[in-house]
Trainee: 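Structure in C-alpha cells, see below.
Numbered from 1 within each chain, the chains take letters A, B, ... in sequence-line order.
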Number of protein chains: 2
Amino acid sequence: MTEIEILAFALNQFADLTPEEFNMSINFWHTKFYKKGDYFNQQKTICRYLGFINEGVFRSYVIDKKTDEEKNIFLYSKNQFVVPFKSFINQTPCDYQTQALTDASILYINIDDLLLLYKKSHKWERFGRLMAQEAFNLTIERMESFVFKTPEERYLDLIKNHPDIFNNIPLYHISSYLGIQGPSLSRIRKRISKL
Amino acid sequence: MTEIEILAFALNQFADLTPEEFNMSINFWHTKFYKKGDYFNQQKTICRYLGFINEGVFRSYVIDKKTDEEKNIFLYSKNQFVVPFKSFINQTPCDYQTQALTDASILYINIDDLLLLYKKSHKWERFGRLMAQEAFNLTIERMESFVFKTPEERYLDLIKNHPDIFNNIPLYHISSYLGIQGPSLSRIRKRISKL
DNA sequence: GTTTAATTTTAACCTAAGTTAAAATCGTAT
DNA sequence: ATACGATTTTAACTTAGGTTAAAATTAAAC
C-alpha cells in the first residue's frame with residue numbers, strides 16, 4: 001500500500017470514511033519529512049496542522065520551570081495522529097513543543113482545509129468530533145495510568161502496547177514519559193530482569 | 001437568581017447561548033435532589049444524563065481491583081457540570097460510579113433531548129463541541145498535575161482553586177483524589193503548618 | 001450529656017523514587 | 001581498531017510516600 005492508501009484505510013477504520021469521502025480530502029494532504037530533532041510545532045504558537053505518521057516517533061514535551069528538565073507529555077508513533085491536541089482542538093497557543101525523535105515522515109492537513117471538509121460533509125464533521133474524542137480518550141487513559149499504576153506497570157504497558165515506540169527511542173525519553181528519573185528506570189529494569 | 005437563571009447565565013458564559021437559545025431547552029431541564037451517598041450514575045451503565053450542580057459536591061470513583069480501595073477520579077461542585085464525561089461523550093458503559101458526597105441538587109438534561117437541541121440549533125451543536133473540549137481540558141489539566149506537581153502542590157492547588165470542594169468533604173476523599181494515602185496527607189498538612 | 005461511630009493524626013517500619021556523580025556500556029565516526 | 005560522545009547503569013545517600021495498627025480527635029446519635 002502507498003502511504004496515502006494507508007491513511008485512507010486508517011481513516012475508514014477510525015471514522016467510517018469511505019474511499020469517496022476520503023477522496024474529497026486527497027488534495028489537502030501533504031507529505032513532509034523530518035530529520036531526528038526537527039520540530040513539528042513550536043511552543044506558544046497555535047498549531048494549525050494535523051499530522052498522520054507514516055514512519056517515525058514524535059514527542060510533545062515541556063520544560064519544567066522548577067527543575068529545567070524536559071518532560072515528555074505524549075509520544076506518537078506510526079499510523080497515529082501527531083498533534084498537540086490541546087492547541088489544535090482549542091486553537092490556542094501551544095504549551096508544548098513537538099519534536100521528531102527519529103527521522104520521520106508524515107502526511108499533514110491544514111486546519112483551514114479540515115474546517116472546509118467539516119462544512120462540506122457530515123462524515124468529515126463526524127471525523128472532527130471523533131478526533132476530539134480520541135484526544136480525550138488518550139488523555140484520560142494517561143491520567144488514569146498515573147492514578148492506578150506504578151511506574152513499573154506503566155513501563156511494562158508501554159513495552160506491550162507500543163513496542164514501536166519502545167524500540168526506537170532512548171530510555172531517557174521513556175523515563176521522562178513514565179514520570180520518573182533515569183536511575184529509577186534502571187532500577188525498575190533490574191528488578192524486572194530478576195523475575 | 002433562581003436556579004434556572006443561574007444555569008442560563010452559566011451557559012451564556014460557557015457557550016455564548018443567548019436567553020432565546022437557552023429558552024429552547026427550558027422544558028428539558030429537570031431538578032433532582034440527592035441525599036449524601038446517593039448515586040448520579042452506576043458503573044457499567046451508559047450515562048444518559050448531563051447534570052449541572054446547583055448545590056453540593058459529587059465524585060466519580062473506581063474500585064481498584066488490586067487493593068480493593070476506592071479511588072476518586074474527578075470531583076465536581078457548584079455551578080459545574082457533573083457527568084462521567086468518558087461514558088457520556090462516547091456513550092459507552094461507564095467505568096466510574098458518580099456519587100453525591102453531600103446533600104445536593106442538580107438540574108439535568110437527557111441526552112436524547114440534548115441531541116435534539118444539537119439538530120435544531122447551530123449554537124447548541126457548538127455547546128456540544130465545547131462540552132467535549134471542556135471534558136478534555138479538565139482531564140489534561142489533571143493529567144499534567146500528576147506529571148508536573150507533587151502531592152503537596154496538588155493539595156495546595158485544590159485549596160486555592162476549589163475551596164467549595166475542600167471545605168465540604170472529608171479529607172480521606174481529598175487524599176484519594178490527590179492520589180495518596182490518608183497518612184501521607186496528614187504528613188503533608190503537618191509539614192505545611194510548620195512553614 | 002454520654003456513648004458510639006466516623007474521621008484524622010500519629011507512630012514505626014518498609015519501599016521506592018529523587019539526587020548526584022562516577023563508572024560502564026554502547027555506537028559511531030574517523 | 002580507536003577514540004569520542006551519547007546513553008545506561010551503578011552506587012551512596014536522602015526524601016517522601018505506603019502500610020498497618022493504634023491513639024486522638026471530632027461529629028453524630030441516642
Trainee: Identify which nucleotide among C:dA17, C:dA11, D:dT7 has an atom closest to any side-chain atom of A:I180, counting heavy atoms from C-beta outward.
Mentor: C:dA17
Trainee: Determine: side-chain N/O of B:S184 to OP1/OP2 of D:dG17, distance under 4.0 Å, yes or no.
Mentor: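 Indeed not, no polar side-chain atom of B:S184 lies that close.
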Trainee: Please give, in whole Å, the distance from C:dG18 C1' to A:K71 NZ?
Mentor: 11 Å
Trainee: Check for me whether B:R142 meets the cation-pi criterion with B:Y177, that is, NZ or CZ under 6.0 Å from the six-membered ring centre and within 45 degrees of the ring axis.
Mentor: yes
Trainee: Between B:D68 (CG) and D:dT19 (C1'), how many Å, whole number?
Mentor: 15 Å
Trainee: Is A:K149 atom NZ crowded by more than 12 heavy atoms from other residues, nucleotides or ligands, each under 6.0 Å away?
Mentor: no
Trainee: Could you give the CD-to-C1' distance, from A:Q181 to C:dA21, as a whole number of Å?
Mentor: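 These atoms are roughly 14 Å apart.
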Trainee: For the pair made of CG in A:N168 and C1' in D:dT7, what is the distance, rounded to whole Å?
Mentor: 16 Å
Trainee: Testing the 3.5 Å rule here: is there a donor-acceptor pair between the side chains of B:T102 and B:N168?
Mentor: no
Trainee: Using whole Å, report how far CZ of A:R189 lies from C1' of C:dA16.
Mentor: 18 Å
Trainee: Take the protein atom CG of B:L171 and the nucleotide atom C1' of D:dA24, then report the distance between them rounded to whole Å.
Mentor: 15 Å
Trainee: Measuring centre to centre across the rings, with the benzene-like ring taken for any Trp, is A:F58 within less than 6.0 Å of A:Y34?
Mentor: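 Close enough - the centres of the two rings lie under 6.0 Å apart.
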Trainee: Flag yes if more than 12 heavy atoms outside A:K123 fall under 6.0 Å of its NZ atom; otherwise flag no.
Mentor: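 It does: A:K123 NZ has more than 12 such atoms within range.
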Trainee: What contact category does B:P183 fall into here, base, sugar-phosphate, or nothing, at under 4.0 angstrom with non-hydrogen atoms?
Mentor: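 The residue B:P183 makes base contact.
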Trainee: Could you give the CD1-to-C1' distance, from A:I174 to D:dA6, as a whole number of Å?
Mentor: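 For the pair A:I174 CD1 and D:dA6 C1', the rounded distance is 16 Å.
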Trainee: Atom CD1 of B:I192 and atom C1' of C:dT8: how far apart are they, to the nearest Å?
Mentor: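 Atom CD1 in B:I192 sits about 15 Å away from atom C1' in C:dT8.
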Trainee: With sugar-phosphate meaning primed atoms plus P, OP1 and OP2, does A:R187 contact a base, only sugar-phosphate, or nothing at under 4.0 Å between heavy atoms?
Mentor: base
Trainee: Counting only side-chain heavy atoms from C-beta out, which of C:dT10, C:dT9, C:dA17 sits nearest to B:K190?
Mentor: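 Comparing C:dT10, C:dT9, C:dA17 against the side chain of B:K190, the answer is C:dT10.
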Trainee: So, OP1 or OP2 of C:dA17: does either fall under 4.0 Å of a side-chain N or O from A:R191?
Mentor: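 For C:dA17, OP1 or OP2 has a side-chain N or O of A:R191 closer than 4.0 Å.
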Trainee: If you find the nucleotide of DNA chain D closest to B:K36 and the one closest to B:G179, which residue's nucleotide is nearer the 5' end?
Mentor: B:G179
